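The structure appears below as structure tokens.
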Amino acid sequence: MFYHVKDLQFNARVSQPDPRFARVLLEAFGGANGELKSALQYFVQAFSCHNPFPDKYDMLMDIATEEFGHLEIVGATIQMLLGNVGGEMKDVVEDTPLRTMMSGKAAKEDLIHQAFTYPHFLVGAPGSPALTDSNGNPWCASYVSATADLTVDLRSNMAGECRAKIGYENLIPLTDDPLVKETLIFLMTREVTHYQQFEAALETIQPNFPPAVFQTSPKYSNLYFNMSQGEDARGPWNQGKSTRLHEEWQYIEDPLKRVRETDGLLHVEPQGTQRTEESVRKADEKLAKERSNELLAATPKQNIQWNKKKKK
């Protein structure tokens, strides 16, 4: 059950209208890494958690609801930045400050150019935020990622929070309005907060690496293929031990030679690892059974209802 509280979580303010920055800010409203995408992604992911992981359901719904609040903050900021554009566009007879701004040929051509690159800016819905990015591309449901596997979804969410943070980080220098900057800094900060919450939730699921169930083949998990010519770069990504499986990286200096020698990697043996095909098979079976039992035990077969009965 949702209800709307008319107070914004953060009191968004602007010093004066700035329609051009309002257009840029649409990236945070209806862009691929905007607030609507985050809100709906966490909202959708939460459903598969309701029975087996009610604590994660609660977290995802809380953060999704906060993201809807952030969408309102961004929309309100865009509306204030647009100022009287909508009203002035309605006045098709009298001269208005907007038309005064367009009186010079260069200024008018610039405004028309913006209208062509994003028609909603002046033509489709002047004076209102739209569910598009800054170039007028409509918001798309394919932005949302939900796999029903928490170890995958939580990592996807962490990556999404990183992309959203860098989006705000790039928006901040584009406005000179200190009040708008305050709002953007708040929103940017909350991305880091959510990243940490998802990371903490992921750590409560053990084991959580590799993502999902299958533990991967030890024949290929620690191979690094040198796929470029020239001076080779070496680092912890191709020498020493891998970060999670703690296997010794096997540096393949000549990938083509190795592929041909092994008939397309069909005839290779695990090296630099204590994992074996047999140990991986047993781990797959064990984890698959555990995860399956978690879901089956939490899902009733009949008389199913979403709301739990209140204890008297």
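Source: prediction; values computed, not measured.
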Examine the side chains of Ser242 and Glu247 and answer whether a donor and an acceptor come within less than 3.5 Å of each other.
no
Step by step, work out the side-chain contact (heavy atoms from CB on, under 4.5 Å) result for Ile252 and Asn226.
CA-CA 6 Å; Ile252 311 301; Asn226 178 31; over 6 Å; no
Quick one: does any side-chain atom of Lys181 pair with a main-chain N or O of Asp176 as donor and acceptor, under 3.5 Å?
no
Pair Tyr42-Phe68, ring pair (Phe, Tyr, Trp, His ring centres under 6.0 Å): steps then yes or no
CA-CA 11 Å; Tyr42 310 153; Phe68 280 120; 10.0 Å; no
Main chain of Pro138, side chain of Asp133: is a donor-acceptor contact present, judged purely on distance under 3.5 Å?
no
Could you give me the CA-CA distance, side-chain angles and deciding distance for Glu182 and Arg13, then say whether salt bridge (Lys or Arg N to Asp or Glu O under 4.0 Å) is met?
CA-CA 8 Å; Glu182 284 183 1; Arg13 301 174 297 163; 2.6 Å; yes
Of the non-hydrogen atoms in Lys37 and Val144, which two are nearest, and what is the gap between them?
O-CG2, 4.2 Å
Does this structure show an ion pair linking Lys165 with Glu161, if we count only N-O contacts that are shorter than 4.0 Å?
no
Side-chain heavy-atom pair Leu40, Trp139 within 4.5 angstrom cut-off:
yes
Contact summary for Pro178 and Ser15, nearest pair of heavy atoms
CD-OG, 4.0 Å
Can you tell me if Asn293 uses its side chain to pair, donor with acceptor, with the backbone of Glu290 under 3.5 Å?
no
Hey, does Arg275 have a side-chain heavy atom less than 4.5 Å from the side chain of Ser221?
yes
Run the side-chain contact (heavy atoms from CB on, under 4.5 Å) check on Leu154 and Met59 step by step: do they pass?
CA-CA 11 Å; Leu154 290 172; Met59 178 198 69; 4.0 Å; yes
Partner of Glu66 under side chain to side chain contact (heavy atoms under 4.5 Å, CB included), picked from Met61, Glu35, Arg190, is Arg190
Leu26 and Ala130 have their tightest heavy-atom pair at CD2-O, 3.3 Å
Would you say Asp62 and Gln197 are linked by a side-chain donor-acceptor pair, where the criterion is simply a distance under 3.5 Å?
no
Looking only at atom types and distance, does a side-chain atom of Thr151 sit under 3.5 Å from a main-chain N or O of Ala212, one as donor and one as acceptor?
yes
Donor-acceptor pair, distance only, cut-off 3.5 Å: does the side chain of Arg155 make one with the backbone of Ala159?
no
All heavy atoms of Cys162 vs all of Tyr195, minimum pair found to be SG-CE1, 3.6 Å
Trp249 backbone acceptor or donor facing Asn238 side chain under 3.5 Å:
no
Apply side-chain contact (heavy atoms from CB on, under 4.5 Å) to the pair Ile78 and Val74, showing each step before the final yes or no.
CA-CA 6 Å; Ile78 290 171; Val74 175; 3.9 Å; yes
Before we go on, tell me: are the rings of Phe225 and Tyr220 under 6.0 Å apart, centre to centre?
no
Counting N and O atoms only, with roles assigned by atom type, does the side chain of Asn222 sit under 3.5 Å from a partner on the main chain of Gln250, one being a donor and the other an acceptor?
no
Can you tell if the side chain of Glu248 reaches within under 4.5 Å of the side chain of Thr273, non-hydrogen atoms only?
no
Just by modelled atom types, is the Ile205 backbone N or O under 3.5 Å from a matching donor or acceptor in the Asn208 side chain?
yes
Examine the side chains of His4 and Glu72 and answer whether a donor and an acceptor come within less than 3.5 Å of each other.
yes
Thr147 and Asp149: side-chain donor and acceptor closer than 3.5 Å?
no
Given 3.5 Å as the limit, does a donor-acceptor pair link the side chain of Gln45 with the main chain of Ser145, or not?
yes
Does CD belonging to Gln239 count more than 12 external heavy atoms closer than 6.0 Å?
yes
Are side-chain N/O atoms of Asp177 and Gln16 paired as donor and acceptor at under 3.5 Å?
no
Determine yes or no for a side-chain-to-main-chain donor-acceptor pair under 3.5 angstrom, with Arg260 supplying the side chain and Pro255 the backbone.
no
Just checking, is any N or O donor in the side chain of Thr276 or Arg281 under 3.5 Å from an acceptor N or O on the other one?
no
Can you name the one residue among Val14, Leu82, Thr77, Leu81 that meets side chain to side chain contact (heavy atoms under 4.5 Å, CB included) with Phe21?
Leu81
At their closest point, which heavy atom of Ala283 faces which heavy atom of Gln215, and how far apart are they?
CB-CG, 3.8 Å
Do Ser217 and Glu277 have side-chain atoms, one donor and one acceptor, less than 3.5 Å apart?
yes
Could you tell me whether the side chains of Thr204 and Lys56 share a donor-acceptor contact shorter than 3.5 Å?
yes
Side chain proximity check, Ile166 to Glu191, heavy atoms < 4.5 angstrom
no
Please check if the distance between the ring centroids of Phe186 and His70 is under 6.0 Å.
yes
